[in-house]
Number of protein chains: 2
Amino acid sequence: MSSAIDPDLLIGADMFGQLDTDARTAVLAAGTVRPLAQGRLIFSQGDPGVTCHSLLKGRVKIVQARPDGAQSVIRFIGPGEMYGTVAALMDRPFPADAVTVVDSLEVYWPVGVMRQLMGRYPEIAMGSAASAGTRLFELQDRVGELAGEKVEQRIARALTRLMRQAGRRTPQGIEIDFPITRQELAEMAGSTLHTVSRTLAAWDDRGVTSSSRRHIVVCKPHVLLELADPA
Amino acid sequence: MSSAIDPDLLIGADMFGQLDTDARTAVLAAGTVRPLAQGRLIFSQGDPGVTCHSLLKGRVKIVQARPDGAQSVIRFIGPGEMYGTVAALMDRPFPADAVTVVDSLEVYWPVGVMRQLMGRYPEIAMGSAASAGTRLFELQDRVGELAGEKVEQRIARALTRLMRQAGRRTPQGIEIDFPITRQELAEMAGSTLHTVSRTLAAWDDRGVTSSSRRHIVVCKPHVLLELADPA
DNA sequence: CGCGATATTGACAACGCTCAACTCACGTGG
DNA sequence: CCACGTGAGTTGAGCGTTGTCAATATCGCG
């Protein structure tokens with residue numbers, strides 16, 4: 001009996017949190033839940049967007065491949081967040097890859113089913129629109145940042161974003177709660193793993209961060225914030 | 001009698017083009033039409049977003065000020081496009097300034113009125129959502145571009161975007177149909193007016209473009225596209 | 001134990017920003 | 001009609017930041 005999926009897994013989700021238990025159960029039942037091993041490609045840039053996804057557990061990165069072979073990490077997805085939804089609802093190809101960075105659990109729905117669910121539970125449609133708007137603004141900010149700022153500042157911004165999104169309080173400071181490589185941080189900040197390595201080493205020396213293999217703890221968040229946004 | 005505004009001005013608008021003439025007339029009547037002199041600030045970053053705007057004639061730029069004083073041009077608006085809408089519908093402050101770059105004519109609606117119009121004419125709401133989705137994807141692409149590419153390539157991309165958006169066919173090539181400074185192009189590409197000046201000079205030498213004061217013609221669009229996106 | 005993935009570190013080169021001086025076009029007002 | 005001022009653009013020199021190349025070190029897993 002693998003069918004006993006806990007509908008409460010959706011409680012934390014932006015888009016389903018406001019639904020009552022019955023509704024959440026129905027929403028979950030309409031989709032397919034599946035575990036995904038680390039490193040698994042969920043959908044690819046260019047694939048027709050025919051499914052909407054929501055992450056229940058784990059962490060997923062949305063990555064855009066550039067023609068020259070380099071990659072950009074557009075965003076990281078945590079539990080409760082949706083992805084692929086905008087492309088699917090617009091009948092467009094997915095604009096980027098989705099890859100799990102740790103073992104994860106997701107639900108997905110064919111877009112037709114999701115449209116029905118949105119019709120039945122308007123909260124979902126509202127939430128979806130709101131979240132798209134929020135992302136629009138975030139991306140505008142990022143465009144501004146990437147356009148003019150120096151590398152250290154961009155890396156600091158990337159890290160602060162990760163802190164807010166995936167930070168866990170520990171005695172040593174705020175820890176990024178999933179494994180992340182310098183390469184990935186570089187792909188977020190628009191830099192190279194070399195520069196990221198040097199920058200983190202410098203911050204470690206100053207006690208701002210404490211980083212090791214695929215693992216980062218921000219010991220002095222206020223200093224990092226200052227680096228990200230010099231008043 | 002300044003009230004005789006031609007409802008056909010809305011025909012070209014993404015969001016109102018599908019409405020019949022009566023509907024367009026009603027939509028126009030519900031808003032306020034006003035001329036705006038060049039250089040006029042329409043709304044400011046941080047202002048409460050209480051109005052939705054649509055450009056009838058002219059050209060508007062959306063500019064984000066960065067803390068260090070530098071600016072980023074997020075996008076240019078042409079006739080038929082809306083701006084300020086997402087912020088207003090989300091009850092958020094405007095995330096950037098809107099400034100006219102030539103003498104223009106706009107309509108604007110208080111957001112409450114726009115909500116009513118969307119209720120009455122769902123096409124408007126649909127169009128609005130679709131356009132937000134499109135912009136989301138465009139911004140994702142820009143993030144990818146700004147992150148890794150060299151300056152010449154970013155300038156080429158900015159120019160190609162302008163070509164598509166504001167290009168007019170002429171015997172000499174495709175002309176950007178509104179006055180644009182090197183400074184503004186630099187703010188689009190995330191560079192400086194100096195580098196843009198040098199780059200344009202080089203392109204002019206090669207016959208790719210023909211630029212003069214606040215005026216650019218792309219003589220060899222295919223070459224520019226190749227510069228923007230080396231296969 | 002060995003291999004692949006990850007990270008570190010140094011040397012070097014260059015891209016493009018900063019600073020600075022100058023030119024040119026245009027509109028304004030005397 | 002010309003003088004002037006301002007905004008826009010050009011061009012050169014210098015240098016810092018950061019990417020590139022290369023070699024080495026570690027970690028973790030099979």
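Naming convention: chains lettered A, B, ... in sequence-line order (proteins, then strands); numbering from 1 in each chain.
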Phosphate OP1/OP2 of [N]: any [X] side-chain N/O under 4.0 Å:
X       : N       : result
S191(A) : dT18(D) : no
T195(B) : dG16(C) : no
T181(B) : dA8(D)  : no

Using atom [atom1] of [X] as one end and atom [atom2] of [N] as the other, report the distance to the nearest whole Å.
X       : N       : atom1 : atom2 : result
L200(A) : dT6(C)  : CG    : P     : 16 Å
R182(A) : dG19(D) : CZ    : C1'   : 18 Å
E149(B) : dG16(C) : CD    : P     : 12 Å
L185(A) : dA7(C)  : CG    : C1'   : 13 Å
I155(B) : dC17(C) : CD1   : P     : 8 Å
L193(B) : dG12(D) : CG    : C1'   : 15 Å
Q38(A)  : dC29(D) : CD    : P     : 10 Å
R213(B) : dT10(D) : CZ    : P     : 10 Å

- S211(A) vs R182(A) side-chain heavy atoms within contact, under 4.5 Å: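 In short, these two side chains touch, coming nearer than 4.5 Å.
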- Does H53(A) reach the side chain of V60(A), with side-chain heavy atoms less than 4.5 Å apart?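 With C-beta onward as the side chain, the pair stays apart.
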- Nearest heavy-atom neighbours spanning M90(A) and F137(B):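 The answer is SD-CE1, 4.3 Å.
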- Query: With respect to the side chain of S197(B), which nucleotide from dG19(D), dT10(D), dT6(C) is positioned closest?
  - Reply: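 Of all the options, the side chain of S197(B) is nearest to dT10(D).
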- When rounded to the nearest 0.5 angstrom, what distance separates CD1 in I180(B) from NE2 in H215(B)?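 Between I180(B) CD1 and H215(B) NE2, I get 11.5 Å after rounding to 0.5 Å.
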- Query: Where each residue is assigned the nucleotide of DNA chain D containing its nearest heavy atom, which of V151(A) and H194(B) is assigned the position nearer the 5′ end?
  - Reply: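 Here H194(B) is the residue nearer the 5' end.
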- Message: Assuming nearest nucleotide by heavy-atom distance, tell me which of R214(A) and R198(A) is located more 5' along DNA chain C.
- Response: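 By nearest-heavy-atom nucleotide position, the 5'-most residue is R214(A).
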- When you measure from the side chain of R75(B) to the backbone N and O of I62(B), does any donor-acceptor pair fall under 3.5 Å?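 A pair under 3.5 Å: no.
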